[in-house]
Chemist: 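Dropping the structure in here first, questions after.
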Amino acid sequence: MSDFARYSRQIVLREVGVNGQQLLRDSSVLIVGVGGLGAPAALYLAGAGLGRLILTDRDRVEPSNLQRQIVYRGSDVGRSKLDAAAEALRALNAECEIETLPGPLDEAGMGAAVRNADLVLDCSDNFPTRVMLNAICVAARKPLVSGAAIRFEGQLALFDSARGSACYACLYPDTGETQETCEEAGVLGPSVGVVGSLQALLAIKRLLGLGDDAGRLHLWDALRMSWRTLNIPRDPNCPVCGARPGAAHG
Ligand SMILES: [Zn+2]
């Protein structure tokens, strides 16, 4: 390891240590969407010494992003989010390899990106992307950390179908409803930052094999400052994971 001091605060944790740090260095994480969730998640993962971050996004930086998308500066307005985020992340940690995939990715492109990663963060802002990403992650047996935040509510879950947990479609069947957006409904920056930060935490824990977070839905209420955690039952009739008995496919 080239820089022990940089990671000393986490290496000193018995549960991480030098071996855990090397595990992170050997790991790749795909972050789909570098917005309010993906920005803090990417910063924390680059800071933690992930070996490679793969980012995909379709947007340019807009003034209204700066309230919560903390990887961007005012001077980035008008730039591609991928270019601006990659520059900031490299400036934070040159040891972290940053790969950028301009979106929107089609199913084949997203599939290739998922297969190149050890773990996926869904930081997207739309239901069709969430549905597609979940199906790809189930098929590729990759852990998926899903996050969302709107108004004063946030939610967070690790879906790990390779280990028999429920998938995103077990929780949210595709009912064809359109989802609200933060543009219409609003959100506070720190509230979405809490969820994005915890997506990075769940990713690090899963990569290091710490705890068992799969299959639980964490609901954040920013007005009450409280969390609720629910078990997500696996739906035996789920069109995405239901027809695939747990241990099949290798
Ligand atoms: Zn399912």
Side-chain angles (χ1 to χ4, degrees), residues 3 6-7 9-10 28-105 110 113 117 120-130 133 145-156 179-204 220 222-223 225:
D3 196 349
R6 172 184 281 264
Y7 307 114
R9 297 302 187 276
Q10 61 195 44
S28 297
V29 170
L30 168 65
I31 301 177
V32 178
V34 192
L37 300 167
L43 285 166
Y44 275 122
L45 291 176
L50 264 286
R52 190 164 61 124
L53 295 181
I54 309 164
L55 312 178
T56 180
D57 202 293
R58 68 181 77 177
D59 294 330
R60 292 186 175 275
V61 180
E62 296 180 25
S64 65
N65 299 151
L66 299 171
Q67 166 246 18
R68 66 198 179 286
Q69 301 184 13
I70 56 171
V71 76
Y72 307 117
R73 307 276 79 96
S75 55
D76 290 324
V77 169
R79 294 180 74 191
S80 125
K81 283 191 175 177
L82 290 182
D83 289 349
E87 187 179 294
L89 295 168
R90 287 180 186 125
L92 171 62
N93 191 351
E95 293 181 350
C96 177
E97 185 188 334
I98 309 294
E99 185 181 332
T100 56
L101 302 172
L105 297 180
M110 192 72 87
V120 179
L121 295 195
D122 183 353
C123 301
S124 69
D125 59 0
N126 67 87
F127 194 60
T129 299
R130 291 177 182 279
L133 194 53
V145 180
S146 176
I150 196 163
R151 288 185 299 269
F152 294 95
E153 300 147 26
Q155 56 178 270
L156 176 76
Q179 302 270 306
E180 281 184 296
T181 66
C182 289
E183 188 177 343
E184 298 154 359
V187 73
L188 290 177
S191 186
V192 71
V194 162
V195 177
S197 301
L198 290 179
Q199 285 185 272
L201 178 68
L202 285 182
I204 291 169
W220 158 242
L223 284 179
M225 293 298 283

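In this chain, numbering begins with 1 at the start of the sequence shown. Every value quoted in this text rests on a predicted model; they were computed, and no experiment measured them.
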Chemist: Looking just at side-chain N and O atoms, do S124 and N126 make a donor-acceptor pair shorter than 3.5 Å?
Modeler: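 The answer is no; no qualifying pair exists.
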Chemist: How long is the span from the CG atom in L53 to the OG1 atom in T100, to the nearest 0.5 Å?
Modeler: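 It comes to 11.5 Å.
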Chemist: Measuring from atom CG of D122 to atom OG1 of T129, what distance do you get when rounded to the nearest 0.5 angstrom?
Modeler: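 With rounding to 0.5 Å, CG (D122) is 7.5 Å from OG1 (T129).
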Chemist: Using a 4.5 Å cut-off on heavy atoms from C-beta on, say whether the side chain of V29 contacts that of L121.
Modeler: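 With C-beta onward as the side chain, the pair touches.
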Chemist: Could you tell me if the side chain of L66 sits less than 4.5 Å from the side chain of V77, heavy atoms only?
Modeler: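 Contact flag for V77/L66 side chains = yes.
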Chemist: Restricting to non-hydrogen atoms, name the atom on G189 and the atom on Q67 that form the minimum distance, rounded to 0.1 Å.
Modeler: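 Heavy-atom minimum between the residues: N-NE2, 3.6 Å.
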Chemist: Looking only at heavy atoms, which two atoms of C123 and I31 are closest? And how far apart?
Modeler: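 Minimum heavy-atom separation between C123 and I31: SG-CG2, 4.1 Å.
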Chemist: With a cut-off of 6.0 Å (strictly less than), are more than 12 heavy atoms of other residues, nucleotides or ligands near OH of Y72?
Modeler: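 Enclosed.
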Chemist: What is the minimum heavy-atom distance between L101 and A113, and which atoms define it?
Modeler: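 Nearest pair, atom of L101 first, then A113: CD1-CB, 3.6 Å.
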Chemist: Please determine which of R73, Q69, K81 meets the side-chain contact (heavy atoms from CB on, under 4.5 Å) test together with V61.
Modeler: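 Only one option passes, and that is K81.
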Chemist: Can you tell me if CD on E183 sees more than 12 non-hydrogen neighbours from other groups inside 6.0 Å?
Modeler: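 Count not over threshold, so no.
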Chemist: Between CZ of R90 and CD of E97, what distance do you get to the nearest 0.5 Å?
Modeler: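 That separation rounds to 9.0 Å.
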Chemist: Residues in side chain to side chain donor-acceptor pair (under 3.5 Å) with R68, at least two apart?
Modeler: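 In terms of side chain to side chain donor-acceptor pair (under 3.5 Å), with neighbours along the sequence ignored, R68 is linked to no residue.
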Chemist: Hey, could you give me the CG/CD1 distance between L188 and I150, rounded to the nearest 0.5 Å?
Modeler: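 Rounded to the nearest 0.5 Å, the CG-CD1 separation comes out at 12.0 Å.
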Chemist: Between Q199 and L156, which heavy-atom pair has the shortest distance, and what is it?
Modeler: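 Closest heavy-atom pair between Q199 and L156: CG-CD1, 3.5 Å.
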Chemist: So, taking the atom named CG in L37 and the one named CG in L198, what distance separates them when rounded to the nearest 0.5 Å?
Modeler: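 The CG atom of L37 sits 10.5 Å away from the CG atom of L198.
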Chemist: How would you list all residue pairs meeting salt bridge (Lys or Arg N to Asp or Glu O under 4.0 Å) that involve residues 44-60, not counting sequence neighbours?
Modeler: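 Output for this query lists R52-E99.
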Chemist: Minimum heavy-atom separation for G47 to Y7, with atom names?
Modeler: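 What the structure gives for the nearest pair is O-CE2, 3.4 Å.
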Chemist: Between CG of N93 and CZ of R6, what distance do you get to the nearest 0.5 Å?
Modeler: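 Output value for this atom pair is 4.0 Å.
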Chemist: Write down the atom of G154, the atom of V195, and the distance for their closest heavy-atom approach.
Modeler: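 Scanning both residues, the minimum pair turns out to be CA-CG2, 3.9 Å.
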Chemist: Counting C-beta onward and ignoring hydrogens, is there a side-chain heavy-atom pair between L89 and C96 closer than 4.5 Å?
Modeler: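 Result no, sub-4.5 Å side-chain heavy-atom pair not found.
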